[in-house]
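For the numbers below, each heavy atom of this structure counts, side chains included, while hydrogens, waters and symmetry mates do not.
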Amino acid sequence: MGVRIRQAGERDREAVVRLLDEAFMHDPVSSWVFPDEAHRRRVHGVFLGVFLDIVLAEGRVDLIEDGTAAALWLPVPAEAPEEEDDIPARMREIADPDNERAELIGRLTGAVHPQGRAHEYLLLIGVSPDRQGEGLGTALLAPALERCDREGLPAYLEASSARSCHLYQRMGFAFTDRTIRLPDGPQMWPMWREPGARGNESVGQDAGRTPAP
């Protein structure tokens, strides 16, 4: 599928936040973090904006030129950070201070994140709801994974549904030995891709969460 992809910058922030907000509004993990839909609609975009700001500062946002899909990539070094990660607390403080789940989701995903090897972390990938099923996910991810292959870098993500797990497997991702079970909520599947890994089919659609707020 021929699409044009560019790297997003600060000027694209609001458009990308809107895209992610729409793409993940009914995602199982977003629904767990913000169970009340009316409240979710008020704070969800702010919550995802925290992720986006981190990636704009430290990583890369690949954006399909017409704004219908975006992938947020964060480079992770082999060495573990010396200081405790304050991002989960920041997510809660900025988006929803009275909601402990807004912090817990970051703590739980961080606890199982692989260490010891530098890799690319697919934090989020979202496709506009009215364009899902058109192959935009494959078109957006394929060049990034090819870059990982050239540079000899693994890739990592957390899938938020069984369906997305199967889609990522087709692009060479494999399950790790740990899952994330949200208290009284859905399960998440950490997945790892070695450089050069090949799946047997292409990903056809949809948003994938990596990690899943």
Side-chain angles (χ1 to χ4, degrees), residues 1 5 20 23-24 27-30 32 51 54-55 58-62 64 69-81 85 87-88 104-127 132-183 185-213:
M1 181 179 185
I5 299 169
L20 297 174
F24 290 105
D27 178 82
V29 179
S30 287
W32 176 81
F51 287 117
I54 293 168
V55 177
E58 303 177 16
R60 187 183 72 254
V61 179
D62 291 336
I64 289 183
L72 280 59
W73 290 94
L74 196 63
V76 178
E79 304 80 15
D85 184 5
I87 293 174
L104 181 59
I105 184 64
R107 300 288 181 203
L108 293 174
T109 55
V112 303
H113 197 116
Q115 298 181 7
R117 287 182 68 187
H119 59 276
E120 288 287 321
Y121 181 17
L122 179 58
L123 193 65
L124 293 169
I125 175 170
V127 177
Q132 292 176 7
E134 298 181 17
L136 296 181
T138 297
L140 190 59
L141 287 185
L145 295 178
E146 289 172 2
R147 182 165 52 248
C148 287
D149 293 343
R150 290 194 303 270
E151 298 176 2
L153 284 172
Y156 174 76
L157 59 81
E158 297 111 353
S160 59
S161 70
R163 182 180 185 183
S164 63
C165 285
H166 295 305
L167 297 177
Y168 290 123
Q169 282 181 302
R170 295 169 187 166
M171 298 197 79
F173 285 89
F175 298 113
T176 66
D177 59 357
R178 303 178 69 181
T179 58
I180 303 167
R181 295 188 178 275
L182 304 179
Q187 180 172 312
M188 299 174 67
W189 292 266
M191 304 185 76
W192 181 268
R193 181 184 184 274
E194 289 290 340
R198 293 288 182 266
N200 54 18
E201 297 179 50
S202 63
V203 175
Q205 61 181 16
D206 295 343
R209 181 174 305 271
T210 58

Aromatic plane relationship, Phe173 with Tyr168 - under 30° parallel, 30 to 60° tilted, over 60° perpendicular: perpendicular
Nearest-0.5 Å distance, CE of residue Met191 to OG1 of residue Thr176: 9.0 Å
Point-to-point distance, once rounded to the nearest 0.5 Å, from CD1 of Ile180 to CZ of Arg107: 14.0 Å
Side chain proximity check, Leu104 to Pro183, heavy atoms < 4.5 angstrom: yes
Check: Pro88 and Ile105 side chains under 4.5 Å, non-hydrogen atoms: no
For Ser160 against Ser164, the heavy-atom pair lying closest together: N-OG, 3.7 Å
Considering all heavy atoms, the nearest Leu140-Ala70 contact: CD2-C, 3.4 Å
Val127 versus Gly137, closest heavy-atom pair with distance: CG2-N, 4.3 Å
Nearest-0.5 Å distance that lies between atom CG in Leu157 and atom CH2 in Trp189: 12.5 Å
4.5 Å side-chain heavy-atom contact, Leu182 and Pro28: no
Residues Asp62, Arg60: salt bridge by 4.0 Å N-O rule: yes
CG-CD1 distance between Leu72 and Ile54, expressed to the nearest 0.5 angstrom: 10.0 Å
Contacts of type ring pair (Phe, Tyr, Trp, His ring centres under 6.0 Å), residue Trp32, not counting sequence neighbours: none
Pro154 versus Ala118, closest heavy-atom pair with distance: CD-O, 3.3 Å
Whether Asp149 side chain and Pro195 backbone form a donor-acceptor pair below 3.5 Å: no
Pair listing, salt bridge (Lys or Arg N to Asp or Glu O under 4.0 Å) test, anchored in residues 113-122, at least two apart: Arg117-Glu194
Short side-chain to backbone donor-acceptor contact, Ser30 and Asp27, under 3.5 Å: no
Phe24 and Val29: CA distance, side-chain angles, deciding distance, side-chain contact (heavy atoms from CB on, under 4.5 Å) verdict: CA-CA 9 Å; Phe24 290 105; Val29 179; over 6 Å; no
Residue pair Met188, Thr179: steps toward the side-chain contact (heavy atoms from CB on, under 4.5 Å) verdict: CA-CA 6 Å; Met188 299 174 67; Thr179 58; over 6 Å; no
Considering all heavy atoms, the nearest Pro190-Val112 contact: CG-CG2, 4.0 Å
Parallel, tilted or perpendicular, as decided by the 30° and 60° cut-offs, for the rings of Tyr156 and His119: perpendicular
Closest approach of Ile5 to Pro143 (non-hydrogen atoms, all atoms of both residues): CD1-CG, 4.0 Å
Value rounded to 0.5 Å, distance of CD1 in Ile125 from CH2 in Trp73: 8.0 Å
Qualifying residues under side chain to side chain contact (heavy atoms under 4.5 Å, CB included), relative to Ala197, sequence neighbours excluded: Arg193
